[in-house]
2 protein chains.
Amino acid sequence: MDQNKIPQATAKRLPLYYRFLNNLNHQGKKRVSSKELSDAVKVDSATIRRDFSYFGALGKKGYGYNVEYLLGFFRKTLDQDETTDVALIGVGNLGTAFLHYNFMKNNNILIKMAFDSDPDKVGTTIGDVPVYNIADLEDKIAGVKVAILTIPASEADGITDRLVEQGITGILNFTPARITVPEHIRVHHIDLAVELQALVYFLKHYPLETNRLE
Amino acid sequence: MDQNKIPQATAKRLPLYYRFLNNLNHQGKKRVSSKELSDAVKVDSATIRRDFSYFGALGKKGYGYNVEYLLGFFRKTLDQDETTDVALIGVGNLGTAFLHYNFMKNNNILIKMAFDSDPDKVGTTIGDVPVYNIADLEDKIAGVKVAILTIPASEADGITDRLVEQGITGILNFTPARITVPEHIRVHHIDLAVELQALVYFLKHYPLETNRLE
DNA sequence: AATAAGTCGTGATCGTTTTCACAATTATAT
DNA sequence: ATATAATTGTGAAAACGATCACGACTTATT
Ligand SMILES: NC(=O)c1ccc[n+]([C@@H]2O[C@H](COP(=O)([O-])OP(=O)(O)OC[C@H]3O[C@@H](n4cnc5c(N)ncnc54)[C@H](O)[C@@H]3O)[C@@H](O)[C@H]2O)c1
Ligand SMILES: NC(=O)c1ccc[n+]([C@@H]2O[C@H](COP(=O)([O-])OP(=O)(O)OC[C@H]3O[C@@H](n4cnc5c(N)ncnc54)[C@H](O)[C@@H]3O)[C@@H](O)[C@H]2O)c1
């Protein structure tokens, strides 16, 4: 693949840039400056230029960036042309919300199947996504490399082991459990309760500072 | 409040430590080392010791940390004794999931009211939380300082302005819109589509590296 | 043509966060 | 008692990330 030179912080901003460039393109905008982008996505303009510069000289001095060119470039870089299939495990409150939401709108990611242990849920279809029995995980999941975990925390370790066994390489974990995986598996943890608590903590302890976390 | 000496990165880990210490305490564990904590929460042990050290010498050399003492200390530090009221705006897929979830379980945060524009939702109660008409925002929201935004992106700016007008100081924004707020308002952005895309990007471009994002 | 205004790309700097590594201290075993 | 093992707290270094600031170039204006 590409040279591993892109900082993680930059990589995390790429989808954001991509989405905004897409909007601009739909609006028929032909050029954009790092300053304009900065106002829109709330990232310092020097940071944006630096981010882009990891991919080469994409802009023109005195002019800015050509929206269509930049968009095309990022489309390739972010592999927007091929779809990544995802499996969702745990069709509860949160899982159901994700199934109803169409991640495809702006995006190359498709939740292709879901699993649950509840007989009332197994066999249903939510937002076009079939819900299978978790017992059949090993039969159904072939080829899927990314999983979203929205099961109770107590189930997280057991299910993770089975996913890893089946060749999953990335997990987006919404449970509060900090799961243990082999070195080569990437886990991204989104802990909504922690996010809320951290926000409240900041409000109480850093009352008037410059804000805007990321 | 406290001295603003605690790094933001540390502050974001505090809720995590707190939750895990709580578990240990319930299990009747009396002492814990930074190494054990590290294995559980997947944060380097030196980082944990450094984090704790910002609050003074909480442990004992050669022994570790006393669970009950540490827990009590963090309870105070994180203001776990007083409840923070939160308003949720937008009772759709995501908003409904949050209302059903009981943030109070481990936690000092309470979603006290919700707002929506849909007449079918206004007047209902979801998970004990009343859903008010967004038109009545200004009447009902007095005293609430934190809001969760789960409305369509197109509504985000308008609602944000009204929230700021009413004295909100912190916003947890789940919409893809990058909202504009005055300096003194803290916004934390959780962009689920971006998180997924970033995960997929990392899988493709950093295949075998040391993993585990945060 | 010449000048002014706008904008990129990047060296250098700065601030933050993580990690190393070890003296100091405590607990445990013999 | 003494020796051994465990573990903290932290100075120092390394890694990472954000921002400044400016030369080089492009476009627009007169
Ligand atoms: N809903 C929220 O707002 C919220 C907020 C923060 C964290 N979380 C976390 O997200 C996770 C999901 O939350 P939720 O509110 O959707 O929970 P939920 O109880 O509504 O849903 C969990 C689902 O997982 C299914 N399940 C249980 N065991 C399973 C197994 N072994 N295999 C497959 N499916 C199984 C259940 O049948 C259920 O449908 C939890 O870990 C929760 O702590 C949720
Ligand atoms: N559901 C997901 O999985 C998901 C994933 C990523 C991002 N998001 C984002 O989260 C937000 C909410 O997503 P969702 O799936 O819950 O959407 P949704 O359409 O299910 O819910 C939006 C809710 O907001 C209400 N609403 C609309 N305008 C309003 C207004 N002016 N005032 C008050 N309420 C109003 C609607 O009546 C509806 O109940 C969106 O911005 C979406 O892009 C959702």
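Reminder, nothing fancy here: chain letters follow the sequence lines and each chain counts from 1.
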I need the [atom1]-[atom2] distance between [X] and [N], as an integer number of Å.
| X | N | atom1 | atom2 | value |
| --- | --- | --- | --- | --- |
| A:R13 | D:dG17 | CZ | C1' | 8 Å |
| B:Q8 | D:dG17 | CD | P | 16 Å |
| B:I48 | C:dT17 | CD1 | P | 17 Å |
| B:Y63 | D:dT4 | OH | P | 25 Å |
| A:N66 | D:dT27 | CG | P | 12 Å |
| A:K12 | D:dC16 | NZ | C1' | 14 Å |
| A:R31 | D:dT26 | CZ | P | 13 Å |

Inset, instruction - Return yes if a side-chain donor-acceptor contact under 3.5 Å exists between A:T83 and A:N108, otherwise no. - result: no
Legend entry - B:K61 or A:R50, whichever maps to the more 5' nucleotide of DNA chain D: B:K61
Inset, instruction - Select from A:D51 and B:Y65 the residue whose nearest nucleotide in DNA chain D is closer to the 5' end of that strand. - result: B:Y65
Inset, instruction - Kindly say if B:T47 contacts the phosphate of C:dT19, meaning a side-chain N or O under 4.0 Å from OP1 or OP2. - result: yes
Legend entry - Phosphate-side-chain proximity, A:S34 and C:dT7, N/O vs OP1/OP2 below 4.0 Å: no
Inset, instruction - Measure from the side-chain N and O atoms of B:T77 to the backbone N and O of B:F73, and report whether any donor-acceptor pair falls under 3.5 Å. - result: yes
Inset, instruction - Verify whether the ring centers belonging to B:Y132 and B:F115 lie closer than 6.0 Å. - result: yes
Inset, instruction - Ignoring the backbone of A:K60, work out which of C:dT17, D:dT27, C:dT7 is nearest its side chain. - result: D:dT27
Legend entry - B:R49, nearest nucleotide to its side chain (from D:dG9, C:dA27, D:dA21): D:dG9
Legend entry - Ion pair check, B:K29 and B:E68, cut-off under 4.0 Å: no
